[in-house]
Amino acid sequence: MATLRMAGARPRVSTGVPGLDGLIEGGLLPGRTYVVSGPPGSGKTTFGVQFLAAGAWQGERGMYVSLLEDVENIVYDMTTFSFKIEELVSSGKLLFMDLGEMLQASAEFPTYKQLLTKVTDQVKFRRIQRLVIDSISAIKFIGSDPKFEKKQMGEFFRGLQKIGCTTLLLSEMTDPERYLPEHFLAHGVIFLHNFLSDSRMVRAIQIIKMRGTRHDCNLRRLEITKNGLRVTSMLKSI
Ligand SMILES: Nc1ncnc2c1ncn2[C@@H]1O[C@H](COP(=O)(O)OP(=O)(O)OP(=O)(O)O)[C@@H](O)[C@H]1O
Ligand SMILES: [Mg+2]
């Protein structure tokens with residue numbers, strides 16, 4: 001039998017992205033799983049690392065799990081931002097973990113279950129509070145029988161809920177009008193957009209859903225500078 005919890009004023013976890021927390025009642029709900037989707041170069045990795053760095057500077061240990069890209073490259077690229085991740089990595093407050101090789105090396109197809117087991121072990125062992133997985137799309141590329149994918153993904157989300165971290169799952173998206181299974185399963189979904197308008201590249205962010213939260217729904221400008229992501233005004237015309 002489930003224990004009922006009543007919603008009152010709840011503590012929030014800052015995203016670390018200036019201009020975003022104010023659009024979602026102060027931040028994310030702790031222990032929940034959020035999906036950040038966007039096309040190539042839209043800022044997914046930067047968002048993830050910025051979120052972890054913000055937590056790590058406040059003493060919350062974070063882990064970035066990479067399934068596709070070599071973590072050395074990710075760390076190298078992220079040092080171009082002002083997050084000072086070198087300091088966080090060397091003090092053990094921020095960990096980068098390459099699970100791509102482990103998953104590819106396994107004799108059978110890697111599954112959500114394998115990923116969950118590995119991530120759970122690490123989260124418990126290293127007392128991780130903020131988690132980023134880059135990306136959930138990697139599992140689809142190499143997943144087993146598609147018939148079972150949604151079920152396995154559902155179990156994966158339930159498993160993440162149990163480990164207690166505030167989690168960002170990064171996901172690849174090419175068509176913002178085509179929702180993906182992870183969008184239905186997540187507690188919240190944020191889209192990053194990156195498109196051409198009159199030969200100018202426009203970056204934007206949009207909160208698609210945020211369970212238990214009154215949130216802004218508008219398309220807002222997103223800037224990426226050496227300080228990372230920053231949300232600014234509403235996008236009036238495209
Ligand atoms: N130091 C920096 N200052 C300003 N902008 C930067 C800096 N470093 C990278 N960028 C910009 O940020 C963009 C987003 O990078 P990021 O790697 O976060 O995107 P992504 O969505 O993870 O991409 P991918 O789909 O390839 O994984 C880059 O393509 C580049 O335009
Ligand atoms: Mg990336």
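Bear in mind the structure is a predicted one, so any value in this text is a computation, not a measurement. All heavy atoms count here, side chains included; hydrogens, waters and symmetry mates do not.
- Tyr64 places a side-chain heavy atom less than 4.5 Å from the side chain of Leu170.
- Between Tyr34 and Ile190 the shortest side-chain heavy-atom distance does not fall below 4.5 Å.
- The side-chain tip of Lys150 points at the ring of Phe184 from less than 6.0 angstrom away and within 45° of straight on.
- Under the side chain to side chain donor-acceptor pair (under 3.5 Å) criterion, Glu25 pairs with no residue, sequence neighbours left out.
- Partners of Glu86 by side chain to side chain donor-acceptor pair (under 3.5 Å), not counting sequence neighbours: none found.
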Let me have the donor-acceptor pairs involving side chains of residues 66-73, under 3.5 Å, with sequence neighbours excluded, atom names and distances please.
| from | atom 1 | to | atom 2 | distance (Å) |
| --- | --- | --- | --- | --- |
| Ser66 | OG | Glu69 | N | 3.3 |
| Ser66 | OG | Glu69 | O | 2.5 |
| Glu69 | OE2 | Asn73 | ND2 | 2.9 |
| Asp70 | OD1 | Glu72 | N | 3.0 |

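- Cluster membership for Leu88 and Leu95, using ILVMFWY side-chain heavy atoms within less than 4.5 angstrom, is not shared.
- Rounded to the nearest 0.5 angstrom, Ile133 CD1 and Thr167 OG1 are separated by 6.5 Å.
- With values rounded to the nearest 0.5 angstrom, Ile136 atom CD1 is found 9.5 Å from Leu180 atom CG.
- Taking the salt bridge (Lys or Arg N to Asp or Glu O under 4.0 Å) definition, one finds that Asp77 meets it with nothing, sequence neighbours left out.
- Looking at heavy atoms from C-beta onward, Phe51 lies out of side-chain contact with Val17 at the 4.5 angstrom threshold.
- Take Phe47 and apply the ring-ring contact (aromatic ring centres under 6.0 Å, His included) test, not counting sequence neighbours, and it matches no residue.
- In this view, Arg61 satisfies the side chain to side chain donor-acceptor pair (under 3.5 Å) rule with no residue, not counting sequence neighbours.
- Leu52 and Val119 sit in two unconnected hydrophobic clusters of ILVMFWY residues. Membership requires side-chain heavy atoms under 4.5 Å apart, directly or through other members.
- Cluster membership check: Leu20 shares its hydrophobic cluster with Val49, using side-chain heavy-atom separations under 4.5 Å among Ile, Leu, Val, Met, Phe, Trp and Tyr.
- In this structure, CZ in Phe83 is found 10.5 Å from CG in Leu94, a value given to the nearest 0.5 Å.
- Under the 4.5 Å side-chain heavy-atom criterion for Ile, Leu, Val, Met, Phe, Trp and Tyr, Ile74 and Leu192 are members of the same hydrophobic cluster.
- Once rounded to the nearest 0.5 Å, the distance linking NE2 of His187 with CG of Leu160 reads 10.0 Å.
- Applying the side chain to side chain contact (heavy atoms under 4.5 Å, CB included) criterion to Arg220, with sequence neighbours excluded, gives Leu23, Ile205, Asp216, Asn218, Val231, Met234.
- Proximity of Ser171 to Ser137: side-chain heavy atoms (C-beta onward) are separated by under 4.5 Å at one or more points.
- Under the ring-ring contact (aromatic ring centres under 6.0 Å, His included) criterion, Phe157 pairs with no residue, sequence neighbours left out.
- Atom CD of residue Glu87 and atom NZ of residue Lys93 lie 11.0 Å apart, to the nearest 0.5 angstrom.
- For the salt bridge (charged side-chain N to carboxylate O under 4.0 Å, His left out) condition, no pair includes a residue of residues 41-55, sequence neighbours left out.
- In this structure Asp21 satisfies the side chain to side chain donor-acceptor pair (under 3.5 Å) test together with Ser14, Thr15, sequence neighbours excluded.
- Applying the salt bridge (charged side-chain N to carboxylate O under 4.0 Å, His left out) test to residues at least two apart or on different chains, the pairs with a partner in residues 154-166 are Lys151-Glu155.
- Inter-residue side-chain proximity for Pro176 and His193 is flagged as met; some heavy-atom pair is nearer than 4.5 Å.
- The distance from atom CG of Leu131 to atom CD1 of Ile163, rounded to the nearest 0.5 Å, is 5.5 Å.
- Between the side chain of Gln206 and the backbone N or O of Phe191 there is no donor-acceptor pair closer than 3.5 Å.
- Residues Leu185 and Met153 form a side-chain contact, since some pair of their non-hydrogen atoms from C-beta on lies under 4.5 Å apart.
- Follow the hydrophobic side-chain contacts under 4.5 Å out from Ile207 and you reach Val36 in the same cluster.
- Annotation: salt bridge (charged side-chain N to carboxylate O under 4.0 Å, His left out) contacts involving residues 117-138, sequence neighbours excluded, comprise Glu60-Arg130.
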